[in-house]
Amino acid sequence: MQRSLVTVDLGAIRDNARTLAGVLGRTELWAVVKADGYGHGAADAARAALEGGATTLCVATVGEALLLRAALPDARLLVLGPTPPDEVAQAREARLELTVPDERLPEGIPLHLKLDTGMGRWGSSEVDSVSGVVGLMTHFATADDDPGFAREQLRRFLEATDGYAGRFTRHAANSAAALTLPESRLDAARCGIALYGIDPLGVDASRFGLRPALRWESELAQVRRLGPGESTGYGRRFAATGETWLGIVPVGYADGFRRDMTGTEVLVDGARAPVVGTVSMDALAVRLPEPLERGAPVTLVGDGVTLEQHAAVADTIGYELACGIRAGAGRGERAVVGA
Ligand SMILES: *Cc1c(COP(=O)(O)O)cnc(C)c1O
């Protein structure tokens, strides 16, 4: 067993892509693999998504796209973020497609014009010039929690782009919209989180037929008994009221198990156990129902323990936790199965 082992199941990503492609029907599935594939490994995730039916890969930066280009010479690659002028030549050379948020259109490279319909971030308010444009897009601010506003954004987008239907690829939907707002699917849907089997609405991705691709495992490095009044960890945030058995797991916030995840549950020897006390940089403590053996397996994510559950405890979203899990650089291993 490893101190910290992250296993990515490419079969799950492939199956999730197939499921999404099935839901989308005539709409193309574009796989979003930015942020190193939401922490799953961009090139591996990209390959699996393409095998499952995705037709285009989307990343945030030219740098991410160049790394993918080296691994996937033939894939269609779209950069979603804004590209600084001094990166355009490289992007052209690598046969990327760019998203443009305003009226300055670089030349000699396929462009996707971004319309701001309510996200209040990047994007113009209308289509002015269309030289070099192959796609028209917008991004929803509330597809996961306010479908009413998402519908209003869609209405604005359709109104602004109506004259270009059929001529340009129109794309608006992210995972949440693709799964829950059928009318937003248009020509292509840009799905990220759902590919990895994480529910964009933070509940449970299995209701959409998706399964998590990431497992995170460790083991008990130590088992100890606390007497009444004794505490564990920094700040003495957990103190035993009676005799209490604790397991110490050698994973902490430096690995991506955040400090605000105290109170969440993990599996120890297959049974749920709460994380207690302060999560430190390299360790966390779990309360055990009985004195277990050192070396007992700990599942931090997997077998029904989901990032969505941890995110609810930490008052964040599965996206942020997935991107934050770190394995490598001497701190645990990353393995890939299902290739
Ligand atoms: C990240 C991103 C997506 C993917 O969103 P998910 O919720 O992960 O599906 C889609 N479109 C744009 C513009 C993005 O930046």
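In this structure, Thr306 and Asp204 have side chains that are not in contact, with every pair of non-hydrogen atoms separated by 4.5 Å or more. Side-chain contact between Thr27 and Asp187: absent, with no pair of heavy atoms (C-beta onward) separated by less than 4.5 Å. At a threshold of 4.5 Å between non-hydrogen side-chain atoms, the residues Leu288 and Leu220 count as touching. Within the 4.5 Å cutoff, the side chain of Leu210 has heavy atoms near those of the Thr19 side chain. Residues Gln309 and Val305 meet the side-chain proximity criterion, which asks for heavy atoms closer than 4.5 Å. Looking only at side-chain heavy atoms (C-beta outward), Leu113 and Thr161 stay at 4.5 Å or farther from each other. When side chains are defined from C-beta on, Thr61 does not count as touching Glu87, because their heavy atoms never get closer than 4.5 Å. Using a 4.5 Å heavy-atom cutoff, the side chains of Arg167 and Val130 are in contact.
Between Arg47 and Glu51, no side-chain nitrogen of the basic residue sits less than 4.0 Å from a carboxylate oxygen of the acidic one, so the salt-bridge criterion is not met. Under the 4.0 Å criterion applied to side-chain N and carboxylate O atoms, Arg211 and Asp15 are assigned as salt-bridge partners. A salt bridge does not link Arg92 to Glu107: none of the charged nitrogens lies less than 4.0 Å from a carboxylate oxygen. A salt bridge links Arg3 with Asp255: the closest approach of a Lys/Arg side-chain nitrogen to an acidic carboxylate oxygen falls below 4.0 angstrom. Using a 4.0 Å cut-off between a side-chain N of Lys or Arg and a carboxylate O of Asp or Glu, Glu217 and Arg215 qualify as a salt bridge. Using a 4.0 Å cut-off between charged nitrogen and carboxylate oxygen, Asp44 and Arg334 count as a salt-bridge pair.
Ring pair His112/His171 is perpendicular by interplanar angle, where above 60° counts as perpendicular and below 30° as parallel.
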Could you please spell out the steps behind the salt bridge (charged side-chain N to carboxylate O under 4.0 Å, His left out) verdict for Arg272 and Asp303? CA-CA 11 Å; Arg272 286 192 173 247; Asp303 298 333; over 6 Å; no
Show your working on side chain to side chain contact (heavy atoms under 4.5 Å, CB included) between Val275 and Met261 and close with a plain yes or no. CA-CA 8 Å; Val275 173; Met261 282 160 66; over 6 Å; no
Step-by-step salt bridge (charged side-chain N to carboxylate O under 4.0 Å, His left out) determination, Arg155 to Glu152: CA-CA 5 Å; Arg155 194 193 59 71; Glu152 173 58 19; 2.9 Å; yes
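No more than 12 heavy-atom neighbours from other residues, nucleotides or ligands sit within 6.0 angstrom of CD on Glu93. By the 6.0 Å contact criterion, CZ on Arg104 is open, its count of non-hydrogen atoms from other residues, nucleotides or ligands being 12 or less. Heavy-atom neighbours of Glu243 CD from other residues, nucleotides or ligands within 6.0 Å: above the threshold of 12. When the shell of 6.0 Å around CZ of Arg18 is examined, it contains more than 12 heavy atoms from other residues, nucleotides or ligands.
Remark: Tyr164 pairs with Phe168 by the ring-ring contact (aromatic ring centres under 6.0 Å, His included) rule, at least two apart or across chains. By the ring-ring contact (aromatic ring centres under 6.0 Å, His included) test, His310 is found to be paired with Phe257, residues two or more places apart in sequence or in another chain being considered.
In this structure, Glu320 contributes its side chain and Thr316 its backbone to no donor-acceptor pair below 3.5 Å. A donor-acceptor pair is defined here as one N or O able to donate and one able to accept, closer than 3.5 Å; such a pair exists between the side chain of Arg14 and the backbone of Gly338.
Linking ILVMFWY residues whenever their side-chain heavy atoms come closer than 4.5 Å, directly or via other members, places Leu24 and Phe140 in the same cluster. At a threshold of 4.5 Å between side-chain heavy atoms, the hydrophobic network of Ile, Leu, Val, Met, Phe, Trp and Tyr places Val336 and Leu195 in one connected group.
Inspection of the Thr138 and Thr117 side chains reveals an N or O donor paired with an N or O acceptor under 3.5 Å. Between the side chains of Thr299 and Trp216, no donor-acceptor pair is found at a separation under 3.5 Å. With 3.5 Å as the limit, one finds a donor-acceptor pair spanning the side chains of Thr55 and Glu28.
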